[in-house]
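Inspection log for the structure reproduced underneath, given as structure tokens.
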Amino acid sequence: DQQVKQNSPSLSVQEGRISILNCDYTNSMFDYFLWYKKYPAEGPTFLISISSIKDKNEDGRFTVFLNKSAKHLSLHIVPSQPGDSAVYFCAARLGNMLTFGGGTRLMVKP
Amino acid sequence: DGGITQSPKYLFRKEGQNVTLSCEQNLNHDAMYWYRQDPGQGLRLIYYSQIVNDFQKGDIAEGYSVSREKKESFPLTVTSAQKNPTAFYLCASGDTWNTGELFFGEGSRLTVL
């Protein structure tokens with residue numbers, strides 16, 4: 001049973017527009033949510049996180065929104081750039097464990 | 001330079017052979033993790049260790065073994081009992097009591113011939 005799901009395997013966006021990546025979870029005990037970015041044949045790199053007691057966190061072009069009642073979080077990238085093309089994973093923390101979603105491949109077209 | 005080093009980056013193995021993947025970190029993190037990524041799939045947890053000389057199974061531990069004799073090192077052995085070992089293996093470390101952020105190595109791609 002997947003506790004963290006990313007239902008869109010891929011997303012294509014025009015350069016300069018907004019990219020919205022979505023993530024759903026089932027366990028209400030998760031206390032931290034994170035987004036990672038991954039290029040092929042490399043390890044994931046941390047992007048942004050949000051505590052379960054907040055509903056928004058912003059860092060430059062990246063904003064994460066958390067809707068606890070819907071058990072849903074989203075990552076907004078504005079404006080999108082070709083260098084943002086990668087696979088994005090959401091992850092949720094419980095204790096010392098991170099559970100990852102299946103990833104969404106973002107393609108930003110010039 | 002602080003970070004996590006995985007080796008080898010690419011590894012080929014014949015069926016029936018055990019192989020050990022190395023993971024070293026100099027970030028002074030207590031917790032270390034091994035994940036597996038298959039094409040088009042997310043990261044699945046194999047084993048994790050929160051402290052030296054202690055480790056726990058993750059979601060897909062069968063056919064794998066680990067040791068944690070030193071804080072800096074968390075090697076993963078893929079045994080011949082692992083039925084489908086061809087995959088991309090990622091090691092990570094972190095002080096997850098803080099924000100939960102994990103730092104990942106560059107990964108090791110294992111191919112069974």
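Convention: sequence-line order gives letters A, B, ...; per-chain numbering from 1. Computed over heavy atoms, backbone and side chain alike; hydrogens, waters and symmetry mates excluded.
- With a threshold of 4.5 angstrom between heavy atoms, A/Pro9 does not approach chain B through any atom at all.
- Residue-environment remark: CD1 (A/Ile18) exceeds the threshold of 12 foreign heavy atoms within 6.0 Å.
- In this structure, B/Val78 is not a member of the same hydrophobic cluster as B/Tyr35, with clusters built from ILVMFWY side-chain heavy atoms closer than 4.5 Å.
- For a heavy-atom cut-off of 4.5 Å, chain A lies close to B/Phe104, B/Gly105, B/Glu106 in residues 104-113 of chain B.
- The minimum heavy-atom distance between A/Phe89 and B/Leu43, with the atom names listed, is CZ-CD1, 3.6 Å.
- Residue-environment remark: CD (B/Gln17) exceeds the threshold of 12 foreign heavy atoms within 6.0 Å.
- Neither B/Trp34 nor B/Tyr48 shares a network with the other; the hydrophobic side chains, linked directly or stepwise wherever heavy atoms of I, L, V, M, F, W or Y lie under 4.5 Å apart, form separate groups for each.
- Separating the NZ atom in B/Lys9 from the CD atom in A/Glu42 is a distance of 7.0 Å, to the nearest 0.5 Å.
- Counting heavy atoms of neighbouring residues, nucleotides and ligands inside a 6.0 Å radius, atom CZ of B/Arg13 exceeds 12 of them.
- Linking Ile, Leu, Val, Met, Phe, Trp and Tyr residues whenever their side-chain heavy atoms come within less than 4.5 Å places A/Ile77 and A/Leu66 in a single cluster.
- Under the 4.5 Å side-chain heavy-atom criterion for grouping Ile, Leu, Val, Met, Phe, Trp and Tyr, B/Tyr89 is not connected to A/Val87 through any hydrophobic cluster.
- Within a 6.0 Å sphere centred on CZ of A/Arg17, other residues, nucleotides and ligands contribute 12 heavy atoms or fewer.
- Here the shortest heavy-atom pairing between B/Leu90 and A/Pro44 reads CD1-CD, 3.8 Å.
- B/Leu76 and B/Leu11 fall within the same hydrophobic cluster, defined by Ile, Leu, Val, Met, Phe, Trp and Tyr side-chain heavy atoms under 4.5 Å apart, directly or through other members.
- We find the CG-CE distance between B/Asp59 and A/Met97 to be 6.5 Å, quoted to the nearest 0.5 Å.
- In this structure, no portion of B/Gln56 lies under 4.5 Å from any heavy atom of chain A.
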